[in-house]
Amino acid sequence: MPSFAEFAGAWTLSRRIEDHRAGATARFEGTARLDPVEAGLAYSEEGQLQMPGQPPIRAERRYLWVKNGAQVSVFFDDGRPFHSFIPGDDTPGAAHWCDPDQYDVAYDFSAWPHWTARWRVHGPRKDYTLTSHYAPAP
């Protein structure tokens, strides 16, 4: 399993977003970076999001990853807590309640340095699965 420091660097990122209500699939292709900062690792991603029947749009996200013992705590870029996971767990994952929706993530580091984050999101307005594949950037 990866150590916290091994996440640092540049990653190619490919994401599939399956909207179960609409029966449609969107795709994101881009890069992610985890850059060392005083508090931990600054996560940033950017790329192109392709929604069905729409022109591609530029999309980006930012988070802060903080090492807390064996646990990695992830914060939104405004400092609010998002979720925490332990990379060394047999089935690393976490849950996040964002009223009225439930976000559940399962991480897979078994093919390190290739790894996956699979989010299942459901609630009264949302029902989708978002699967992100990371690989070391060339």
Side-chain angles (χ1 to χ4, degrees):
M1 293 304 115
S3 71
F4 186 74
E6 289 177 296
F7 286 106
W11 302 88
T12 59
L13 172 55
S14 177
R15 178 174 294 137
R16 179 181 170 103
I17 307 160
E18 299 170 76
D19 183 332
H20 302 294
R21 289 199 177 130
T25 301
R27 298 191 184 282
F28 173 90
E29 298 293 332
T31 59
R33 292 197 53 84
L34 283 102
D35 293 314
V37 294
E38 186 175 334
L41 294 171
Y43 176 101
S44 62
E45 68 179 48
E46 58 183 39
Q48 294 291 314
L49 176 63
Q50 179 66 60
M51 305 286 285
Q54 302 292 323
I57 60 171
R58 185 182 186 298
E60 60 183 46
R61 290 185 182 175
R62 301 204 186 305
Y63 301 105
L64 175 64
W65 287 26
V66 177
K67 184 176 182 339
N68 184 9
Q71 181 172 280
V72 175
S73 296
V74 181
F75 295 86
F76 291 105
D77 62 351
D78 65 4
R80 291 176 298 128
F82 183 19
H83 69 283
S84 296
F85 66 96
I86 300 173
D89 275 358
D90 289 339
T91 55
H96 174 75
W97 175 252
C98 184
D99 196 18
D101 302 307
Q102 178 66 39
Y103 291 71
D104 296 301
V105 64
Y107 288 96
D108 183 353
F109 303 112
S110 63
W112 186 262
H114 299 260
W115 54 287
T116 302
R118 183 178 183 271
W119 285 92
R120 180 68 177 97
V121 181
H122 52 91
R125 295 185 308 253
K126 298 177 182 176
D127 185 10
Y128 66 87
T129 303
L130 183 148
T131 306
S132 300
H133 298 280
Y134 296 83

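Everything quoted here is computed from the prediction, not taken from an experiment.
By the side chain to side chain donor-acceptor pair (under 3.5 Å) test, R120 is found to be paired with D127, residues two or more places apart in sequence or in another chain being considered. For F109, the ring pair (Phe, Tyr, Trp, His ring centres under 6.0 Å) partners are F7, Y107, W115, not counting sequence neighbours. The side-chain contact (heavy atoms from CB on, under 4.5 Å) search around A26 returns I17, L49, M51, P52, not counting sequence neighbours. Take D35 and apply the side-chain contact (heavy atoms from CB on, under 4.5 Å) test, not counting sequence neighbours, and it matches R33. Taking D108 as the reference, S110 meet the side chain to side chain donor-acceptor pair (under 3.5 Å) condition, with sequence neighbours excluded. Shown here are the side chain to side chain donor-acceptor pair (under 3.5 Å) partners of T129, two or more places apart in sequence or in another chain: H20. Not counting sequence neighbours, T91 has no partner by the side-chain contact (heavy atoms from CB on, under 4.5 Å) test. Under the side chain to side chain donor-acceptor pair (under 3.5 Å) criterion, D77 pairs with no residue at all, not counting sequence neighbours. Residues passing the side-chain contact (heavy atoms from CB on, under 4.5 Å) test with A22, sequence neighbours excluded: D19, A24.
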Without placing hydrogens or testing angles, list every side-chain donor-acceptor pair under 3.5 Å for residues 55-65, not counting sequence neighbours.
from	atom 1	to	atom 2	distance (Å)
R58	NH1	E60	OE1	2.5
R58	NH2	E46	OE1	3.2

Just distance, no hydrogens or angles: give the donor-acceptor pairs under 3.5 Å from side chains in residues 67-74, sequence neighbours left out.
from	atom 1	to	atom 2	distance (Å)
K67	NZ	G69	O	2.5
S73	OG	S84	OG	3.1

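With side-chain heavy atoms closer than 4.5 Å counting as contact, directly or through intermediates, I86 stands alone and belongs to no larger hydrophobic cluster.
At a threshold of 4.5 Å between non-hydrogen side-chain atoms, the residues W97 and Q102 count as touching. For the pair E45/F28, a side-chain contact is recorded, criterion being any heavy-atom separation below 4.5 Å from C-beta on.
The heavy-atom pair separating A32 from Y134 by the smallest distance is CB-CE2, 3.9 Å.
Around the CG atom of D78, the shell of radius 6.0 Å holds more than 12 heavy atoms that belong to other residues, nucleotides or ligands.
When hydrophobic clusters are built by joining Ile, Leu, Val, Met, Phe, Trp and Tyr residues whose side-chain heavy atoms come closer than 4.5 Å, directly or via intermediates, F75 is not grouped with L34.
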Exercise for the section: Apply the test salt bridge (Lys or Arg N to Asp or Glu O under 4.0 Å) to residues R27 and E29: give CA-CA distance (whole Å), side-chain angles for both, the deciding distance (0.1 Å), then the verdict. Expected result: CA-CA 7 Å; R27 298 191 184 282; E29 298 293 332; 6.0 Å; no

